[in-house]
Enquirer: 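Let me give you the structure first, and then I'll get to my questions.
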Amino acid sequence: MSAGRLVIIGAGQAGLALAARLRALNDTRPITMLGAEDVAPYQRPPLSKKYLSGELPFDRLLLRGPEWFVENAIDLRLSAFVEEIDRDACQVTLQDGTSLDYDALVLATGATPRTLPAEIGGDLAGVYVMRAKRDADRMAAEMKEGRRLLVIGGGYIGLEAAAVARTFGLDVTLIEMTDRILKRVACADTAAILRDIHKGHGVTILENTGLKRLIGKDGRVTAAELSDGTVIDVDAVIVGIGVTANDELAGACGLDVGNGILVDEFTRTSDPRILAVGDCTSLPWQGERVRLESVQNAIDQAEAAAVVLSGQEIPYQAKPWFWSDQYDVKLQIAGFNLGFDETVVRPGARPGSVSVWYFRQNRFVAVDAINDAKAYAAGKRLLDQGRQPNRAVLADPDADLKLLLA
Ligand code: FAD
């Protein structure tokens, strides 16, 4: 890989991590980072947590201050949406018509939330998705006591937004089309624990319930007709029905895509001069192809790409972990539960703490730790070391978790 100009498309968690790691490796090549948003790279997780609740101001979300970009000679360009990649000319073209040559190119374009079609009211005012600062800012205006909020989708982002809304005293209904919340990401045990927590905080959770349409008046949402025909009055709607990888730009220039930009273990796309990192990628993982939408993957994969760019052929091996904060509940997840066929629920030492251990063909693959930092730490350590937990210790709630590591 030449040490000429590196262009990074996407100024988010992964793009920033890649630039920072390259500089930490004493790589002095010119770096230009092009970001579609009008703000410097920031952490997204607090958007649906402490930023939405007003506990953290935006400047605390910024990953680096403006001086860092100057000191590290990173040419950060904001409101710079890349429209086209010309792989023959090694050139990218921005929406404003500017073109930039690259010697190496990294795609770190993230993902876009799925929206509801306009035919069922998806374009009404008062209907929100949650991905960017601007989304959280618009949604924050709805966080007023007594307002009626409908959350569509029982994934982590919907549940986190529901929790914040309850703390502001909104009347919250959450609908989930499948038979339970967290269907895509967690087992029924974890879902049941979180369902109970939300019900205890007064959220109405309706599973097996989809949306027929949103109803509006004067262009603003006023009600929702659910799949069973019920109509409920609403003042605002949060749509949390997943994201799609931003892979159009890659697909349009002929790179291999398929539910994300296909990369190999060295983060290379089907064009070895172009790498891709973060939420936009579909990566190899234990013989399968997966998408990992998490801060951990964005950072680790980007840092692995920086190492590859610096000339070392070291493959990236994802070690997934994730977290979610809802009310005073901290859920920490180590590992990846893909394809699990067994779970073990283990009550923690303190009231309200519990962990759920996932197995696939008898092999330990992940743990969900709910207010149980010890279980998280033990599970993560076992996964890092490729070891199996002692099943007898796991099954005995009185046994010290340290024995798992013995
Ligand atoms: P992003 O951070 O999305 O950055 C991509 C950037 O590229 C964006 O700014 C986008 O505008 C820009 N871009 C896209 N296309 C172009 C283009 N053509 N030209 C120029 N720029 C472009 N993860 C966790 O691990 N734990 C959590 O608790 C958690 N909570 C979350 C809560 C919310 C509300 C959200 C939205 C995400 C959360 N995540 C969480 C996920 C995590 O934030 C993402 O996995 C991470 O941000 C991915 O980083 P990325 O750099 O790949 O993408």
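Just follow the structure's listing: the first ligand is 1, and inside any ligand the first atom is 1. By convention here, the first residue in the shown sequence is residue 1.
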Enquirer: Under 3.5 Å, is there a donor on one side chain and an acceptor on the other for Thr267 and Gln301?
Expert: no
Enquirer: Which residue and non-hydrogen atom of the protein lie closest to atom 41 (C) of ligand 1, and at what distance in Å?
Expert: Glu293 O, 4.1 Å
Enquirer: Rounded to the nearest 0.5 Å, how far does CG of Leu105 lie from SG of Cys90?
Expert: 8.5 Å
Enquirer: Do other residues, nucleotides or ligands put more than 12 heavy atoms under 6.0 Å from the CD atom of Gln361?
Expert: no
Enquirer: Report the nearest protein non-hydrogen atom to atom 35 (C) of ligand 1: residue, atom name, distance rounded to 0.1 Å.
Expert: Ile157 CD1, 3.6 Å
Enquirer: Quick one: which ligand 1 atoms are inside 4.0 Å of a heavy atom on Ala298?
Expert: 48 (C), 49 (O)
Enquirer: What part of Ile9, side chain from CB on, backbone N/CA/C/O, both or neither, has a heavy atom under 4.0 Å from ligand 1?
Expert: side chain
Enquirer: Would you say ligand 1 has an N or O under 3.5 Å from any N or O of Arg131?
Expert: yes
Enquirer: For Asp264 and Tyr316, test the side chains for any donor-to-acceptor distance below 3.5 angstrom and give the result as yes or no.
Expert: no
Enquirer: Closest by any non-hydrogen atom to atom 6 (C) of ligand 1: pick that one out of Gly35, Ala36, Ser79, Ala108.
Expert: Ala108
Enquirer: Can you name the atoms of ligand 1, numbered from 1 with element, that are less than 4.0 Å from a heavy atom of Gly278?
Expert: 52 (O)
Enquirer: Does the side chain of Leu18 come within less than 4.5 Å of Leu309's, by heavy atoms?
Expert: yes
Enquirer: For the side chain of Arg5 and the backbone of Tyr102, is there at least one donor-acceptor N/O pair under 3.5 Å apart?
Expert: no
Enquirer: My understanding is that we take every heavy atom of each candidate and find the minimum distance to atom 11 (O) of ligand 1. Doing that for Gln332, Glu37, Gln296, which one comes out nearest?
Expert: Glu37
Enquirer: Tell me: protein heavy atom nearest atom 51 (O) of ligand 1, and distance?
Expert: Ala14 N, 2.8 Å
Enquirer: Out of all atoms in ligand 1, which are within 4.0 Å of some heavy atom of Gly110? Include the element for each.
Expert: 3 (O), 5 (C), 52 (O), 53 (O)
Enquirer: Under 4.0 Å from any heavy atom of Gln13, which atoms of ligand 1 are there?
Expert: 2 (O), 47 (O), 49 (O), 51 (O)
Enquirer: Starting from atom 37 (C) of ligand 1, which protein heavy atom do you reach first, and at what distance in Å?
Expert: Arg44 CB, 4.0 Å
Enquirer: Side chain, backbone, both or neither: which part of Tyr156 comes within less than 4.0 Å of ligand 1 when only heavy atoms are counted?
Expert: neither
Enquirer: Tell me which protein heavy atom sits closest to atom 28 (O) of ligand 1, plus the residue, atom name and distance to 0.1 Å.
Expert: Lys49 NZ, 2.6 Å
Enquirer: Pull out every atom of ligand 1 sitting under 4.0 Å from any heavy atom of Met130, numbered as shown with elements.
Expert: 34 (C), 36 (C)
Enquirer: Counting only heavy atoms, tell me which of Leu34, Asp279, Leu107 gets closest to atom 46 (C) of ligand 1.
Expert: Asp279
Enquirer: Given Phe58 and Tyr42, is the ring pair (Phe, Tyr, Trp, His ring centres under 6.0 Å) satisfied, shown in steps?
Expert: CA-CA 9 Å; Phe58 184 69; Tyr42 59 94; 5.2 Å; yes
Enquirer: Is there a polar contact between ligand 1 and Trp323, counting only N or O atoms under 3.5 Å apart?
Expert: yes
Enquirer: With distance as the sole criterion, is a donor-acceptor pair present between the side chains of Asp189 and Thr343 under 3.5 Å?
Expert: yes
Enquirer: Could you check whether Asp368 and Tyr358, counting side-chain N and O atoms only, form a donor-acceptor pair closer than 3.5 Å?
Expert: yes
Enquirer: Under the 6.0 Å and 45° cation-pi test, does Arg363 pair with Phe359?
Expert: no
Enquirer: Say whether, by atom type as modelled, one donor and one acceptor occur between the side chain of Arg77 and the main chain of Thr32 under 3.5 angstrom.
Expert: no
Enquirer: Distance under 4.0 Å to a non-hydrogen atom of Ser294: what atoms of ligand 1 satisfy this?
Expert: 23 (N), 25 (O), 45 (O)
Enquirer: In the protein, what heavy atom is nearest to atom 42 (C) of ligand 1, and what distance, to one decimal place, separates them?
Expert: Val295 CG2, 3.9 Å
Enquirer: Which option, Val39, Val82, Leu331, Asp38, owns the non-hydrogen atom nearest atom 18 (N) of ligand 1?
Expert: Val82
Enquirer: What protein heavy atom is closest to atom 40 (C) of ligand 1, reported as residue, atom name and distance in Å?
Expert: Pro45 CG, 3.7 Å
Enquirer: How far is atom 12 (C) of ligand 1 from its nearest protein heavy atom, and which residue and atom is that?
Expert: Gly10 CA, 3.9 Å
Enquirer: Does one side chain, of Gln326 or Ser324, offer a donor that lies under 3.5 Å from an acceptor on the other?
Expert: yes
Enquirer: I'd like to know if the side chain of Glu176 and the backbone of Thr178 have a donor-acceptor N/O pair within less than 3.5 Å.
Expert: yes
Enquirer: Numbering the atoms of ligand 1 from 1, which are under 4.0 Å from a heavy atom of Gly12?
Expert: 2 (O), 4 (O), 51 (O)
Enquirer: Would you mind checking if Glu37 and Lys133 are paired as a salt bridge, meaning a charged N to carboxylate O distance below 4.0 Å?
Expert: no
Enquirer: Check whether any heavy atom of Ala80 sits under 4.0 Å from an atom of ligand 1.
Expert: yes
